There are 2 protein chains.
Amino acid sequence: MDQLEIFKALSNKTRLQILNWLKDPDLNFPDQKEHANFDHGVCVGQIQIKAGLTQSTVSEYLSTLQRAGLVKSTRVGQWTYYQRNEEAFEALSKLIQTDI
Amino acid sequence: MDQLEIFKALSNKTRLQILNWLKDPDLNFPDQKEHANFDHGVCVGQIQIKAGLTQSTVSEYLSTLQRAGLVKSTRVGQWTYYQRNEEAFEALSKLIQTDI
DNA sequence: AAGGTATATCGGAAAATCCCGATATGCCAA
DNA sequence: TTGGCATATCGGGATTTTCCGATATACCTT
């Protein structure tokens, strides 16, 4: 758990929004719901549309969140699905009570 | 509580160290102990020495932490004492469990 | 009032981050 | 195997952050 890397990852409005959207894929990504379930999370393209930024930027942001451990990804065919890593948030919450 | 401002304030190694040092002034600022108590926290000069950065930088960092609500300051004569705002950390810990 | 000390603010060079378009990679279907 | 689609990576201009030295402000002492 690299504190600094985590806080840097959280220091961006869009990345915070993405994490928030991933809390409720059903609500925030209705389009994906028609084609696939959310067992592995939400695919990059859906997140990109919602974010309104370019594909490259969103892909990079998701990598940043993953390097920080805040999300995990699953590749299925040509899609990469991202979902929150809830254990990381619990750990971060506790870390703030003890280490920071 | 501005999430983004808080995470930006925490996205710097020195600022994280300062917050950590302020958890135990007795241990981390023995020099101040000889001249003043820690009722209002630690003065900028002591923090500056420990950080090994210039006075202006440390002053700026403390302002950043204060704007984020993570520390509070008290002016006494020519000294400004800074101390942690523990309520903010508790709130942040809970915010991560609910809002992020 | 004058000089000394502690802190805050200003201006700026260097480094990091943001976000883009272009391109590369990997997978799938025909 | 060729073309199309999803995602990742690359190169770079614009903006922000980092950290400095110089200067301003505020207070205290004499």
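Every chain is numbered from 1 and lettered A, B, ... according to where its sequence line falls, protein lines coming before strand lines. Scope of the values below: all heavy atoms of this structure, side chains included, with no hydrogens, waters or symmetry mates. Quantities reported herein were computed from a predicted structural model and do not represent experimental measurements.
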Inset, instruction - Answer with base, sugar-phosphate or nothing: what part of the nucleic acid does Y81(A) contact at a heavy-atom distance below 4.0 Å? - result: nothing
Inset, instruction - Answer yes or no: does a side-chain N or O of S59(B) lie under 4.0 Å from OP1 or OP2 of dT7(C)? - result: no
Legend entry - Sequence-distant partners of E90(A), salt bridge (charged side-chain N to carboxylate O under 4.0 Å, His left out), two or more places apart: none
Legend entry - Shortest non-hydrogen contact from A88(A) toward G69(A): CB-O, 3.2 Å
Legend entry - Non-neighbouring partners of E5(B) that pass salt bridge (charged side-chain N to carboxylate O under 4.0 Å, His left out), sequence neighbours left out: none
Legend entry - Under 3.5 Å donor-acceptor pair, Q55(B) side-chain atoms to dA8(C) base atoms: yes
Legend entry - Between C1' of dT7(D) and CG of L53(A), the distance in whole Å: 16 Å
Inset, instruction - Would you indicate, yes or no, if dA8(D) has its OP1 or OP2 atom less than 4.0 angstrom from a side-chain nitrogen or oxygen of T80(A)? - result: yes
Inset, instruction - For S73(B) and T80(B), test the side chains for any donor-to-acceptor distance below 3.5 angstrom and give the result as yes or no. - result: no
Legend entry - Value in whole Å for how far the C1' atom of dT17(D) lies from OH of Y61(B): 8 Å
Inset, instruction - Among Ile, Leu, Val, Met, Phe, Trp and Tyr joined by side-chain contacts under 4.5 Å, find the other residues sharing a cluster with I49(A) and list them by chain and number. - result: none
Kindly give the atom pairs (protein nitrogen or oxygen, nucleotide nitrogen or oxygen) under 3.5 Å for nucleotides 10-14 of chain C.
none

Inset, instruction - Return the 5'-most residue of the pair T54(A), L62(B) with respect to DNA chain C, ranking by each residue's nearest nucleotide. - result: L62(B)
Legend entry - Results of side-chain contact (heavy atoms from CB on, under 4.5 Å) for S56(A) - residues two or more places apart only: T54(A)
Legend entry - Pairing residues for E86(A) by the salt bridge (charged side-chain N to carboxylate O under 4.0 Å, His left out) criterion, not counting sequence neighbours: R84(A)
Could you pull out every donor-acceptor pair under 3.5 Å between side chains of residues 91-100 of chain A and any protein atom, sequence neighbours left out?
| from | atom 1 | to | atom 2 | distance (Å) |
| --- | --- | --- | --- | --- |
| S93(A) | OG | S93(B) | O | 2.9 |
| S93(A) | OG | S93(B) | OG | 2.9 |
| S93(A) | OG | Q97(B) | NE2 | 2.8 |
| Q97(A) | NE2 | S93(B) | OG | 2.8 |
| T98(A) | OG1 | K94(A) | O | 3.1 |

Inset, instruction - Please report, rounded to the nearest Å, how far the P atom of dA6(C) is from the NE2 atom of H35(B). - result: 10 Å
Is there any protein nitrogen or oxygen under 3.5 Å from a nitrogen or oxygen in nucleotides 25-30 of chain D, and what are the pairs?
none

Legend entry - Length of the CD-P vector between Q48(A) and dC5(D), whole Å: 15 Å
Inset, instruction - Would you please name every residue forming a side-chain contact (heavy atoms from CB on, under 4.5 Å) with W21(A), sequence neighbours left out? - result: Q17(A), I18(A), N28(A), F29(A), K50(A), A51(A)
Inset, instruction - Kindly state which residues belonging to residues 4-22 of chain A come within less than 4.0 angstrom of DNA chain D, counting heavy atoms of the residue only, listed by number. - result: none
Inset, instruction - List in chain and number order the residues that pass salt bridge (charged side-chain N to carboxylate O under 4.0 Å, His left out) with D31(A), two or more places apart in sequence or in another chain; answer none if no residue qualifies. - result: none
Inset, instruction - In whole angstrom, give the distance that lies between atom CG of L65(A) and atom P of dT17(C). - result: 14 Å
Legend entry - Other cluster members, V76(A) - Ile/Leu/Val/Met/Phe/Trp/Tyr, side-chain contacts below 4.5 Å: W79(A), Y81(A)
